[in-house]
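The next block holds one structure in the form of structure tokens; read it before the comments.
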Number of protein chains: 2
Amino acid sequence: VCVIGLGLIGGSLLRAARRSGRTAWGATLSTADAQAATLDGYRVEDTVDTALAEALRQNAIVVIAVPLPAVDGVLERVAAVAPGCLLSDVVSVKAPVVDSVRRIAPRTRYAGGHPMAGAAESGWSAGTAMLFDGAAWVVTVEEDTDPAAWRAAAELAIDCGAHVVPAGATEHDMAVARVSHLPHVLAAVLAATGAEGGPLAMALAAGSFADGTRVAGTRADLVLAMCEGNREQLLAAVDDALGKLGAARGALASTGSLRATVAAGNLGRAALIRQRTTTRTERRIDLAAPNALGELRGLGAQNGRVIGFDGESAIVELPVL
Amino acid sequence: VCVIGLGLIGGSLLRAARRSGRTAWGATLSTADAQAATLDGYRVEDTVDTALAEALRQNAIVVIAVPLPAVDGVLERVAAVAPGCLLSDVVSVKAPVVDSVRRIAPRTRYAGGHPMAGAAESGWSAGTAMLFDGAAWVVTVEEDTDPAAWRAAAELAIDCGAHVVPAGATEHDMAVARVSHLPHVLAAVLAATGAEGGPLAMALAAGSFADGTRVAGTRADLVLAMCEGNREQLLAAVDDALGKLGAARGALASTGSLRATVAAGNLGRAALIRQRTTTRTERRIDLAAPNALGELRGLGAQNGRVIGFDGESAIVELPVL
């Protein structure tokens, strides 16, 4: 595994890959991260190009773990040094990365990735080999996805302790807008509205406010990179939330009742709990079959996941209906 | 202490009062709560009237711990049986209770209360003597508040393990609209918007969505009683949140930036953390002084709290500026 970018996610990936017994090395433009990783005993190449050249020699998978605005620059080096390599990434938005790969490094065998794990801190020092244990890790499936690239990215995710949720890039971006980016926007709105209540409001804030504003403490540049990179889908999610909040406001003002709002919230929360506690049954998808990728792509929308491989088959778990 | 209503809060109050060495008894219209409390070794009178008559005999403080819609009914019994008693309550909204007391039981010596503690479950069986340990407990100060009633309510709160935040009833209602009721509305909106993303969104939901929707799992009738009882102030808070969310939407759509939203969220969260970690210094307020109540009333707005009494003085903590 060749990891480009050794911040929280890339650094955790390098550690988790080595924990699984893989040969792993990295490169980063951050001197601080490079020094810290080297001190911790990890192999860090001097330049991105030498790291990519090593990937070419070893037929390794290259994983791009830099912020979205830096992706195109890395892709240019990939296209120059290792144009046919197996390629994935861990950027939190997928359609823009898919577009960039098609444009800049079209000969790579690419399947995008997004581990649903994070932490409040950033940089190499915040990372840990356990970051992905038990987490969902999206591996994207598009019409033109190379099955070998998909499997290589999925095997890496599973080796790192995650389970794989296959999904189209746009479907991924729509979903994370609702469950990952909108929560940050609403937490910011709640924190600001609460703080306008002054010291008395802060003195009376209990669990509901503390929980609802926790991610409002995340570093602004991380939140902005994540949310602004998914602008189109986030706008749709914010519009939905605005509609629901406006309806709540209208009902409270007119009938005095929040019953519909609260009932919908109860149902939404129950859907989350159900997803987490559902009983799953195992089956196989033959990856050599003609429609294998189509089957994989539909898995995420059925609350299915890939938990391993057995010869030519993916081992998948699906909820018992 | 005579506690009318033995649900989560009233039941916990009965336990905490006895833990502090006080003589405490209660009454409730709920046969289930009455039986459970009796089985646990607590004294439960057969009727509200006999409990109130005992309060009259012992010059005890009566605490109303029933939902807002049931308060007027209890006040009528108080006015009939123990019209001059020391009176408090633990209802989560204060101005409507103050109004009811003035209207129905004007001869009582009343100071309202609101412990900022709760739990997901309800009823006697969900209660515990520790529920209020370390919590803020508002005791209301109005122009006409009887100083003896205020002190009796505050001493009870402190005996139950809480610290007292003095505030006007309307100031209280404005503050909790922002930090207690709005969080429930936004959690419901987030849960519903997220769940509309279907199984894929639920499969990708991580900490930000789980935290942001936690209170959306609260029983609907509890949320409705709390939020709808504070309609006017909650409307103002929802309008503020709508304005901020609309501004975020506009900025994202036009400039593509959420910087102002995220920065305001960072500041709001920092205000909460600062409130919780500030260094405090102790001083006294002489309760016999002419402006004692005015001084107390201003305390909450300065992030101050009462932590005990010493003779004629309240021991207060104020942030070091």
Side-chain angles (χ1 to χ4, degrees), chain A residues 116 136 165 167 175-176 178-180 183 185-186 188-195 197 199-206 208-209 211-217 220 223-224 227-228 231 235 238 240-242 244-245 248-249 252-253 256 258 261-262 264-266 268-269 271-272 275 300-301 303, chain B residues 116 136 165 167 175-176 178-180 183 185-186 188-195 197 199-206 208-209 211-217 220 223-224 227-228 231 235 238 240-242 244-245 248-249 252-253 256 258 261-262 264-266 268-269 271-272 275 300-301 303:
Chain A
M116 306 306 298
V165 178
V176 294
R178 287 174 187 269
V179 296
S180 178
V185 175
L186 289 180
V189 166
L190 177 59
T193 308
L200 179 61
M202 293 299 95
L204 302 188
S208 63
F209 188 76
D211 283 357
T213 60
R214 186 185 59 84
V215 296
V223 178
L224 294 174
C227 291
E228 293 173 4
R231 177 176 173 174
L235 273 174
V238 170
D240 270 10
L242 271 169
K244 288 181 181 13
L245 188 56
R249 199 268 175 221
L252 188 61
L258 283 171
T261 299
V262 171
N266 277 173
R269 178 71 186 180
L272 178 70
Q275 192 281 329
N303 192 10
Chain B
M116 305 307 296
V165 177
V176 295
R178 288 173 186 269
V179 297
S180 179
V185 175
L186 289 180
V189 165
L190 177 59
T193 308
L200 179 61
M202 293 299 96
L204 303 188
S208 63
F209 188 76
D211 284 357
T213 60
R214 186 184 59 84
V215 296
V223 178
L224 293 174
C227 290
E228 294 172 4
R231 176 176 176 175
L235 272 174
V238 169
D240 270 10
L242 271 170
K244 287 179 180 21
L245 187 57
R249 200 268 174 220
L252 188 61
L258 283 171
T261 299
V262 171
N266 278 173
R269 178 70 185 180
L272 178 70
Q275 193 280 329
N303 191 10

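Letters A, B, ... are given to chains in the order of the sequence lines, protein chains preceding strands, and every chain is numbered from 1.
- In this structure, chain A has a heavy atom under 4.5 Å from the side chain of B:Ala136, while its backbone stays farther away.
- The parts of A:Ala205 that come within reach of chain B are both its backbone and its side chain, each placing non-hydrogen atoms under 4.5 angstrom from that chain.
- Residue A:Leu190 touches chain B through both its backbone and its side chain, counting heavy-atom pairs closer than 4.5 Å.
- Highest contact tally toward chain B, considering only A:Gly212, A:Ala195, A:Ala191, is held by A:Ala191 [criterion: heavy-atom pairs under 4.5 Å].
- Nearest heavy-atom pair across B:Arg178 and B:Pro183 is O-CD, 3.5 Å.
- For chain A, the nearby parts of B:Leu235 are the backbone and the side chain; heavy atoms of each come within less than 4.5 Å.
- Looking at B:Ala264, the atoms closer than 4.5 Å to chain A (heavy atoms on both sides) sit in the backbone and in the side chain alike.
- For the options B:Asn303, B:Leu186, B:Val215, heavy-atom pairs under 4.5 Å to chain A are most numerous at B:Leu186.
- When heavy atoms are compared at a cutoff of 4.5 Å, A:Val189 approaches chain B by way of both its backbone and its side chain.
- Judged by distance alone, the side chains of A:Arg269 and B:Thr213 do bring a donor and an acceptor atom under 3.5 Å apart.
- Distance alone, capped at 3.5 Å, places no donor-acceptor pair between the B:Gln275 side chain and the A:Pro199 backbone.
- Residue A:Ala188 touches chain B through both its backbone and its side chain, counting heavy-atom pairs closer than 4.5 Å.
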